[in-house]
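Reading through the structure tokens given below for one structure.
Letters A, B, ... are given to chains in the order of the sequence lines, protein chains preceding strands, and every chain is numbered from 1. Remember, predicted model here, so these are calculated numbers, not experimental data.
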Amino acid sequence: QAQGGDIVVTYKDDIATLDPAIGYDWQNWSIIKSLFSRLMDYTPGTPDLVPSLAESFTVSPDGLTYTFKLRKGVKFSNGRVVVPADVKYSIERAVDPKTQGPGAGFFGAIAGFDDFAAGKATGLAGIETPDTETVVFKLSRPDATFLHVLAINFASIVPKEAVEAAAGDFGKKPVGSGTFVLKDWVIGQKLVFARNPDYFVKGVPHIDSFTIEIGQEPLVALLRLQKGEVDIAGDGIPPAKFLEISKSPDAKDLIVDGQQLHTGYVTLNTKIKPFDNVKVRQALNMAINKERLVRIVNGRATPANQPLPPAMPGYDTAYKGYAYDVAKAKALLKEAGYADGFSTVLYSTNTDPQPRIAQAIQQDLAAVGVKAEIKALAQSNVIAAGGTEGEAPMIWSGGMAWIADFPDPSNFYGPILGCAGAVQGGWNWSWYCNEDLQKRAVAADSMSDPSKSAERVEAWKKIFVDVMADAPWIPVFNERRVVAKSKRMGGEPNIYVDPTRVINYDAIFVKP
Amino acid sequence: MVLLLARRLTQAALILLGVAAITFVLLYALPADPAVLLAGRNATPQTVANIRHQLGLDLPLPVQFWNYIVHLLQGDLGRSFNQKTAVAPLILARLPATLTLMAAGIAIEVMIGLTLGVIAAVRRDGAIDRLVMTLSFVGVSTPQFLVALLLLYVFAATLGWFPMSGYGTPAHLVLPAFTLGILGAGWYARIVRSAMIDVLGQDYVRTAHAKGVPAARVVLRHALPNALLPVIAMIGIDIGQFMSGAVVVEAVFGWPGIGQLAWQAIQQVDIPIIMGVTLVSALAIVLGNLLADLIAPFIDPRIRAG
Amino acid sequence: MSPGSLLRGVARRPVLALALAVIIGVFACALLAPLLAPYAPDDQMFDGLSLDGAPLPPSAQFLLGTDTLGRDLLSRLIYGARTSLLIGLVANGTAVMIGLAVGVIAGYFSGLLGGVLMRFTDLMTAFPALLLAIVLAALLKPSLWIVAMVIAMVNWVQVARIGYTETRSLAERDFILAERAMGAGNLRILTRHILPHLVPTAIVWGTLGIATTVLLEATLSFLGIGVQPPQPSWGNIVFESQSYFQSAPWLVFFPGAAILATALSFNLVGDALRDLIDPTQRGRD
Amino acid sequence: MTAPVLSVEGLCVDARTPQGARRVLHDVSFALNAGETLCLAGESGSGKSVTSLAIMRLLAKSSLRVAAGAIKLGGQDLLALPESAMRRLRGGDVAMIFQEPMTSLNPVMSIGAQLTEAIRIHQGAQDAPARARDMLDAVRITDPARRLAQFPHELSGGMRQRVMIAMALSCRPRVLIADEPTTALDVTVQAQILTLMRELKGEFGTSIILITHDMGVVAEMADRVAILQGGRIIEQAGVVPLFTAPREDYTRTLLAAVPRLGARAGEDGPPRVTTISPPTPPPGESPVLFVRDLAVTYRAHGKWFGGGSALKAVDNVSFELRRGRTLGLVGESGSGKSTTGKAVLGLIPFAGEVALDGVPIAGLSTREMRPLRRKAQMIFQDPYASLDPRMPVAAAIAEPLAIHGIGTASERRERAAELLRRVGLSPDHGSRYPHEFSGGQRQRICIARALALEPRLIVADESVAALDVSVRARVLDLMLELQETMGLAYLFISHDMAVIERMCHDVAVMRAGRIVEAGSRRAVFEAPADAYTRELMAAVPVPDPTRRPGVPLIPE
Ligand SMILES: Nc1ncnc2c1ncn2[C@@H]1O[C@H](COP(=O)(O)OP(=O)(O)OP(=O)(O)O)[C@@H](O)[C@H]1O
Ligand SMILES: Nc1ncnc2c1ncn2[C@@H]1O[C@H](COP(=O)(O)OP(=O)(O)OP(=O)(O)O)[C@@H](O)[C@H]1O
Ligand SMILES: [Mg+2]
Ligand SMILES: [Mg+2]
Ligand code: NI
């Protein structure tokens with residue numbers, strides 16, 4: 001793989017912040033990944049965990065103690081060596097209520113979390129730094145996802161002095177020990193990142209620098225990409241251009257198309273009539289012509305029949321879901337007492353192609369007698385409606401659909417299908433809470449012993465199949481992510497659509 | 001005059017306060033809870049409550065507003081919820097781009113509009129007149145996005161005369177400014193034509209002809225100033241429109257203006273940024289209108305400014 | 001003027017006749033849409049999309065082509081006339097009327113009342129319309145009337161400023177002094193002697209505004225306060241399709257042409273009407 | 001004799017109307033010789049202004065059109081000239097002074113800018129500002145340096161007229177067309193202007209076409225006279241033959257109707273025109289108009305921070321006017337006559353005490369003023385500017401009736417028609433718009449409008465200035481008749497001493513905002529106490545060409 005090259009990436013929206021304790025949108029997600037390093041990471045392009053800043057680690061048999069040995073001599077870009085205290089500081093910072101970070105909840109298994117989060121303690125008692133190269137995590141309960149948690153952005157290691165020097169503006173002046181360092185940030189225009197020459201893995205990254213230009217309309221970004229001014233169009237290919245590009249002779253050089261850990265679904269609010277009736281929910285599952293929906297997005301997706309995406313461990317290839325069958329759907333509705341159908345409201349975000357998909361769903365529903373009125377709103381309003389009890393009967397999740405934080409089935413349950421998410425302001429928009437399944441989910445997550453991982457996956461598989469029996473969702477399709485890149489960019493599709501970080505800046509390279 | 005200015009400035013301050021108050025109340029009316037958005041998908045209710053408290057969103061509205069105004073008077077626009085940084089630098093960084101585009105856009109639309117409007121009025125009911133009038137409709141009936149893309153395709157992508165995107169050099173300014181200019185020119189052309197036809201029928205225009213003043217000078221020096229008042233008013237309006245409303249043009253040409261910032265902030269319910277942008281553009285509008293009102297008596301001395 | 005001579009007058013001006021025909025046609029579409037449209041406006045036909053999901057260009061089956069969901073564009077345009085006419089005429093008309101009223105009153109009573117009104121106008125100008133729209137979107141059930149209301153609330157401001165400037169200049173003219181000397185009340189001076197002079201302005205704003213408000217409706221609907229899909233309006237067809245202007249130009253061109261033709265026709269008829277009412281203004285805009 | 005400088009041959013002009021073309025000039029022919037002054041006189045609306053505009057080729061394109069004829073300037077047919085060539089002639093070779101000064105000056109250009117422009121264009125002079133000031137001096141405007149920076153609306157009617165004259169004369173044209181140049185001027189200035197024109201003629205050999213309704217001016221200025229009536233030249237002759245032996249009946253009427261100053265010497269009031277005995281007001285009745293210590297201050301507009309200077313246009317004016325009486329207000333241009341007139345009706349802010357019919361008007365609201373407005377009307381100095389250009393004149397005349405809710409719509413229409421007839425216009429003029437009338441016709445429309453309400457007081461500001469003598473006599477008689485029958489009171493502002501003599505019971509002479517002399521008309525006219533009054537009396541032109549002052553007659 002070649003070394004060198006300066007590339008240009010475009011985005012429409014501003015980069016909100018590069019503070020790893022705060023940043024939580026899909027744009028800054030991959031940048032933060034490269035600016036900082038964490039104890040754990042993934043092999044590029046895969047969901048496979050590997051130690052990163054940690055040289056090695058051990059887990060106690062009860063699954064409650066994790067001991068990490070740090071790599072020696074790793075330096076922050078300010079020149080200081082990374083020490084165990086930095087790890088403790090960084091994770092406490094992510095949990096600290098003062099940080100207002102959205103990721104605190106991930107660390108809930110660490111001992112002392114509740115006290116600290118409630119402001120009753122000044123730190124996390126469960127993190128210990130016995131010597132200059134060891135960090136010990138004590139958990140209050142087994143957590144099978146804990147290693148994943150240490151690989152997410154919120155667990156990035158930051159130097160205390162730089163955070164304090166930035167005086168609240170760390171998100172604009174990040175200092176880390178990742179593959180790149182921030183060189184320049186012109187507000188509203190661009191961010192320039194240069195490779196970190198001291199990065200602890202030799203030969204990584206491959207490119208010398210990348211510049212993120214923001215405020216770029218996707219259509220124009222694509223045009224610039226075709227002219228060679230831009231190397232990666234970060235927002236992908238707008239629907240209006242997709243067919244044209246994919247049919248052009250250059251298509252194979254310009255388009256990378258990869259599976260992501262994503263499912264598009266329609267939530268059926270179990271607290272609103274008539275969706276409190278499982279038969280109605282099942283009927284609607286049979287009413288949607290997913291093949292046609294896939295056609296509307298120009299084939300950039302595959303029909304889905306369960307919550308988990310195929311690339312996620314726990315996906316049940318044997319499960320067939322509810323087949324498209326209008327007659328059966330009508331019959332079920334009749335059984336449920338809605339022979340003449342009913343009226344309801346379907347929410348959707350307002351950016352193309354979401355309203356179109358909503359309209360196609362609307363037409364399918366009409367075929368079984370369900371009159372759905374569409375409300376296409378700005379994303380924040382849809383999220384607000386979803387999190388308000390009794391507000392949104394149906395929501396098409398497109399545009400804000402769940403993309404996993406880390407490749408573990410539990411991440412697809414808790415907030416969006418579990419009881420904890422069925423609260424005011426939560427993300428469980430079906431308001432679905434099955435106590436039995438909830439218990440099984442907790443149990444599955446306690447199986448932290450690596451040897452039991454197959455068993456655990458099996459447990460999750462069953463949970464999701466059972467969820468589908470209750471049919472709180474209509475899984476619609478698994479959208480593939482399509483990234484447009486210039487011809488000179490090299491690398492497999494899975495580093496442009498990396499399951500854990502979207503674009504993997506560490507792995508992409510410029511062809512010689 | 002000084003007194004008048006002082007009075008108008010006080011009024012301007014009151015208007016700004018009014019804008020701030022209304023914006024504040026409206027933002028409160030929004031069901032979208034910034035804390036929920038910030039807390040993200042994985043948040044516990046605890047985290048949400050935490051964030052809400054940190055942002056002061058759990059205080060009663062009047063208290064929040066009072067705090068806001070107190071900070072404002074110290075020149076502090078607050079910190080962005082989403083970007084976790086002070087709002088003022090975010091807006092200030094984008095202000096030059098916005099002002100440049102605004103000035104250039106207005107200059108172009110006024111130039112095109114005045115020229116076409118005057119020609120149409122002078123050649124009224126002729127073929128040129130009809131053409132100009134039809135064009136003005138084409139101008140206002142075409143969505144900004146289309147015009148911007150079309151110009152981009154032709155002059156940047158195909159001909160390569162101008163850069164496709166970016167900010168900094170005059171070459172970057174040309175296409176976005178022309179997009180705004182072409183679209184706005186229709187209004188000016190119409191307004192100018194209408195006013196000019198009225199003026200050209202006045203006795204004093206006949207006097208100018210009788211003095212042997214060259215035709216062009218009669219039109220430009222004698223008639224045009226009498227037709228300028230509505231144009232000045234229109235410029236005052238456009239300042240407002242372009243201040244935070246050039247979202248589409250900014251987006252297409254990657255112009256780092258305030259419009260994009262505002263649009264994103266609204267999507268994300270980033271209240272401090274929305275407030276900041278609103279106040280800054282309100283200030284621009286108020287100043288623009290003030291200027292228009294102050295200039296009016298110089299253009300038409302019959303209007304008493306007092 | 002008798003109806004006969006009116007007709008003859010129209011016949012002598014072919015452009016005017018054409019404009020009238022366009023307007024009548026648009027009204028017919030709005031009123032008789034179900035009779036005129038070849039398909040239902042929201043029927044996503046299976047054969048309305050290519051196999052990879054692309055809209056179809058105009059053909060014998062779909063005279064103006066289909067949209068990105070496989071619906072017949074012609075039918076959508078015909079149904080869309082309802083929405084767009086309402087917005088273009090009612091919303092825009094209201095805005096022009098409010099604007100003129102405020103502008104004229106503020107310009108004429110240059111004292112306290114005028115000052116307060118104009119400052120209020122300033123306040124409204126300075127206020128971000130978009131925000132208002134979003135808040136309303138979140139609070140109210142989306143409907144056409146709400147868009148109409150928002151458009152009126154947003155657009156009157158501009159007319160008010162123009163009306164204000166013109167009135168200020170008019171109010172200083174001698175004939176207004178003469179009216180006062182005769183004892184004319186302010187109301188009479190405003191309605192009989194100032195407003196008629198603003199008719200050309202009203203025509204400019206009223207007709208140019210048709211096009212812009214029809215487009216504005218699309219933006220507002222996009223934000224969720226107006227018509228919701230699948231209900232068509234000319235504005236939202238253009239708005240949704242503008243990024244397809246290369247791959248499916250018919251989606252932008254036909255609705256765009258409809259908006260343009262309608263606005264232009266209203267303008268021509270407006271001018272003709274004004275000539276009829278006020279011969280001193282013949283040929284003015 | 002040399003070839004004429006300018007000759008008009010068979011000129012026909014049509015007006016475009018909804019009913020088709022209407023001929024307003026029929027076959028008009030005349031010639032103007034070098035150094036000659038030709039006076040066009042005649043009835044109001046007879047086509048004088050149209051003729052002059054046709055020569056300048058400045059007829060309003062949308063409504064007037066030359067149908068036939070030729071206009072030759074030094075052998076060149078102006079009608080065939082391309083516009084650019086014509087433009088070079090305008091202002092330089094042929095200059096024109098327009099009838100209505102307010103609307104003829106550009107409201108947004110300073111006086112200085114408008115004056116220097118002509119000088120620059122035709123003479124390219126570097127010292128244009130200085131010459132502009134000299135020209136203002138020449139037309140005897142007070143404080144010329146300050147006037148250069150002022151705008152038209154800040155000047156009095158007379159001053160504007162003088163600016164127009166200065167503008168036309170500034171380039172020393174070969175032919176000067178002057179349309180009622182002195183109509184709005186007081187007699188002393190009129191005399192100065194006429195002298196100026198005569199000097200100019202002598203000095204540069206300028207030929208002058210002078211349009212005037214004032215036979216006094218004709219007698220003083222003309223070498224030859226052409227009399228127009230109904231768009232035709234009915235008589236053309238040298239000035240002396242015309243005055244001594246007029247051929248046409250109309251000419252004779254015209255001459256006979258000329259009021260001569262001193263005609264009513266030895267009598268107190270105006271002549272009786274009816275047999276009704278005027279009502280004698282009961283002694284205790286409050287005056288129709290009572291004015292004490294009136295003062296009006298204009299705030300001139302200054303630069304942004306410079307602050308405006310204040311001008312006291314009227315100061316310390318007191319008088320009273322009783323039922324059935326007429327007070328004449330005379331005085332030089334800019335002395336504050338119009339300002340006084342507007343102030344006493346509460347149309348502009350004033351200080352002091354004004355009572356209409358016993359009711360003090362200071363501080364009254366529009367609504368409170370309304371009943372008073374019905375009793376007091378004003379005829380403005382500038383008739384064109386005071387008519388709504390978008391209102392047909394019949395509606396304009398019925399307007400006051402409508403305002404006060406008098407009569408039904410059809411009654412009002414009838415009344416308007418009747419009033420049109422009484423001021424010598426035809427009722428079917430009613431559907432026309434102000435711009436379709438001649439200056440004098442507009443003035444009559446304004447008079448008709450003021451009379452519509454049968455008020456108790458009329459402030460008449462130069463209201464008969466633009467009328468030819470025959471019409472004027474008729475209108476004045478009408479006004480007197482109304483006074484006798486209804487006890488109307490007039491505040492009569494005029495520069496024409498003969499008219500004042502005919503109309504007034506009392507006279508007040510104003511100068512620089514103050515009343516310098518007041519008293520019964522007889523006392524003031526027959527024994528003027530103030531020097532300025534005496535000057536005024538002496539300056540009145542005498543309608544007798546053989547008694548011309550100063551310049552000797554140019555032999556034919
Ligand atoms: N609107 C105004 N602003 C400032 N100054 C004014 C204004 N109107 C009039 N003046 C000034 O007030 C003075 C008196 O003007 P006024 O019109 O009363 O004169 P007048 O006696 O009617 O003269 P004339 O016989 O020429 O009409 C003049 O010096 C004039 O320049
Ligand atoms: N623009 C016009 N359109 C139609 N008719 C007009 C127009 N201008 C003038 N007239 C008519 O032409 C006739 C001649 O008008 P003109 O202005 O020449 O009169 P005049 O002799 O100058 O009168 P005065 O002494 O009152 O100024 C009048 O009957 C008038 O009504
Ligand atoms: Mg005339
Ligand atoms: Mg006067
Ligand atoms: Ni001032």
Contact class of [X] relative to chain C, heavy atoms under 4.5 angstrom:
{"X": "I285(B)", "value": "side chain"}
{"X": "I274(B)", "value": "side chain"}
{"X": "T142(B)", "value": "backbone"}
{"X": "W187(B)", "value": "both"}

Open item on the list: As a test of understanding, state which of D270(B), T98(B), I91(B) forms a side chain to side chain contact (heavy atoms under 4.5 Å, CB included) with V277(B).
Closed with: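 The side chain to side chain contact (heavy atoms under 4.5 Å, CB included) with V277(B) is passed solely by I91(B) among D270(B), T98(B), I91(B).
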Task: Whether Y153(B) and F245(C) hold their rings parallel, tilted or perpendicular, with breakpoints at 30° and 60° - done: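 Ring orientation of Y153(B) relative to F245(C): perpendicular.
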For the candidates [options], which exhibits the highest count of non-hydrogen atom pairs separated by less than 4.5 Å from chain C?
{"options": "G18(B), P143(B), A292(B)", "answer": "P143(B)"}
{"options": "T278(B), V231(B), L279(B)", "answer": "T278(B)"}
{"options": "L16(B), I266(B), T134(B), L150(B)", "answer": "I266(B)"}
{"options": "I232(B), N289(B), V140(B), L26(B)", "answer": "N289(B)"}
{"options": "L14(B), L146(B), L149(B)", "answer": "L146(B)"}
{"options": "A262(B), A296(B), P230(B), A121(B)", "answer": "P230(B)"}

Task: Output field: ring centroids H193(C)/Y108(C) closer than 6.0 Å - done: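 H193(C) vs Y108(C): aromatic centres not under 6.0 Å.
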- [ ] Heavy-atom distances under 4.5 Å only: say whether V15(C) touches chain B with side chain, backbone, both or neither.
- [x]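 Contact with chain B: none, neither part.
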Task: Y164(C), part contacting chain B, at a heavy-atom distance under 4.5 Å - done: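 Just its side chain gets close to chain B.
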Open item on the list: Donor-acceptor check, side chain of S265(C) to backbone of I23(C), threshold 3.5 angstrom: yes or no?
Closed with: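 No; zero donor-acceptor contacts below 3.5 Å.
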- [ ] Please name the residue in the list T201(C), N267(C), T207(C) that meets the side chain to side chain donor-acceptor pair (under 3.5 Å) test with R190(B).
- [x]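 Exactly one pass, corresponding to N267(C).
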Task: Leading residue by heavy atom contact count with chain B [cutoff under 4.5 Å; candidates D122(C), L208(C), V214(C), I259(C)] - done: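 Most pairs with chain B among the choices: L208(C).
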Task: Winner by heavy-atom pair count (cut-off under 4.5 Å) against chain B, out of V157(C), L268(C), T165(C), V252(C) - done: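 Winner by heavy-atom pair count: T165(C).
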- [ ] State whether D300(B) and R168(C) are salt-bridged, where the test is any N-O pair (Lys NZ or Arg NE/NH1/NH2 against Asp/Glu carboxylate O) under 4.0 Å.
- [x]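 Here D300(B) does not pair with R168(C) in a salt bridge, since their nearest N and O are not under 4.0 Å apart.
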Open item on the list: As an exercise, state the distance from CD1 of I258(B) to OG of S281(B), rounded to the nearest 0.5 Å.
Closed with: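 Going from the CD1 atom of I258(B) to the OG atom of S281(B) covers 7.5 Å.
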- [ ] Grab the two heavy atoms, one from L170(C) and one from I176(C), that are nearest each other, plus how far apart they are.
- [x]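 Residues L170(C) and I176(C), closest heavy atoms: O-CG1, 3.5 Å.
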TODO: Looking only at non-hydrogen atoms, find the nearest pair between I151(C) and A95(C) and report the distance.
DONE: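 Taking every non-hydrogen atom into account, O-CB, 4.4 Å.
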